[in-house]
Amino acid sequence: MQLTNALASLILLAAAGVKAAPGTPVQERQATPTVYAQFFNGGGCQGPWLDDTVFAQNTNDCVNNTISANYGSTFFSGNTLTRTLRLYELSGCPVNQGRFFDLVPGQQGTGCFAQHIGSAKFV
Ligand SMILES: *[C@@H]1O[C@H](CO)[C@@H](O)[C@H](O)[C@H]1NC(C)=O
């Protein structure tokens with residue numbers, strides 16, 4: 001069920017990309033870059049995962065992570081981002097509080113991160 005929701009989000013994003021007018025630049029006509037995140041109970045992305053979400057590169061705003069499961073780590077895969085996504089421990093993307101880590105574009109920006117994700121923002 002959780003995977004279905006994420007796939008539905010991806011399909012909606014793809015559909016949104018298709019709807020762009022023919023005159024728009026190539027970059028805008030392509031599907032929105034995304035990265036898929038799975039939240040695991042353990043600290044090393046082991047065992048069954050609890051919830052998932054898709055981070056879409058379609059805003060410059062801070063996006064709070066609304067996953068409420070008690071997760072210990074997050075595994076990122078399917079990274080088609082072209083910009084770095086900064087993931088903050090706290091919500092509201094605070095500059096001088098809490099920790100953050102950066103997810104770089106492409107294949108290198110995949111893997112397991114054992115930090116709570118309160119919010120995210122493209123930098
Ligand atoms: C995100 O969380 C922060 C801190 O809790 C809050 O101030 C802000 O309004 C939230 N943003 C959105 C878009 O919900």
Side-chain angles (χ1 to χ4, degrees):
M1 202 58 83
Q2 292 156 343
L3 182 61
T4 307
N5 286 341
L7 287 175
S9 303
L10 282 172
I11 289 162
L12 285 175
L13 288 166
V18 169
K19 266 190 253 160
T24 54
V26 170
Q27 257 183 326
E28 287 177 33
R29 271 186 276 135
Q30 290 171 345
T32 305
T34 57
V35 64
Y36 177 54
Q38 285 170 292
F39 300 88
F40 287 81
N41 183 49
C45 297
Q46 75 277 29
W49 49 280
L50 306 173
D51 209 342
D52 64 349
T53 194
V54 172
F55 291 96
Q57 189 181 311
N58 59 6
T59 178
N60 289 321
D61 295 339
C62 176
V63 175
N64 289 335
N65 183 21
T66 55
I67 300 293
S68 60
N70 187 22
Y71 60 92
S73 57
T74 308
F75 190 82
F76 293 92
S77 60
N79 185 340
T80 63
L81 303 179
T82 60
R83 290 168 60 189
T84 295
L85 181 63
R86 182 157 292 175
L87 296 132
Y88 298 82
E89 185 175 25
L90 304 172
S91 58
C93 304
V95 177
N96 294 317
Q97 291 174 60
R99 297 173 296 169
F100 66 81
F101 64 91
D102 287 343
L103 203 64
V104 298
Q107 184 59 31
Q108 279 189 300
T110 61
C112 185
F113 294 83
Q115 183 185 294
H116 186 81
I117 298 169
S119 54
K121 187 176 170 42
F122 287 95
V123 294

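Ligands are counted one by one from 1 in listed order, and the atoms in each one are counted from 1 as well. Positions are given from 1 along the sequence. The structure displayed is predicted, hence computed values, not measured ones.
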Short N or O contacts of ligand 1 with protein, under 3.5 Å, listed by atom name?
unit_1	atom_1	unit_2	atom_2	d
ligand 1	2 (O)	N64	OD1	3.3
ligand 1	2 (O)	N64	ND2	2.4
ligand 1	5 (O)	S91	OG	3.2
ligand 1	11 (N)	N64	ND2	2.9
ligand 1	14 (O)	N64	ND2	3.4

key: More than 12 heavy atoms from other groups under 6.0 Å of CG on D102   = yes
task = Kindly say whether P33 contributes a backbone atom to a donor-acceptor pair with the side chain of T80 at under 3.5 angstrom?
result = no
query = Any side-chain heavy-atom pair from Y36 and D52 closer than 4.5 angstrom?
reply = yes
task = Check whether any side-chain heavy atom of L103 sits under 4.5 Å from a side-chain heavy atom of F76, and report yes or no.
result = yes
task = Indicate yes or no for a side-chain donor-acceptor contact from Q46 to the backbone of G44 under 3.5 Å, with no hydrogens or angles considered.
result = yes
inquiry  = Measuring from atom OG of S68 to atom CZ of F39, what distance do you get when rounded to the nearest 0.5 angstrom?
reply    = 10.5 Å
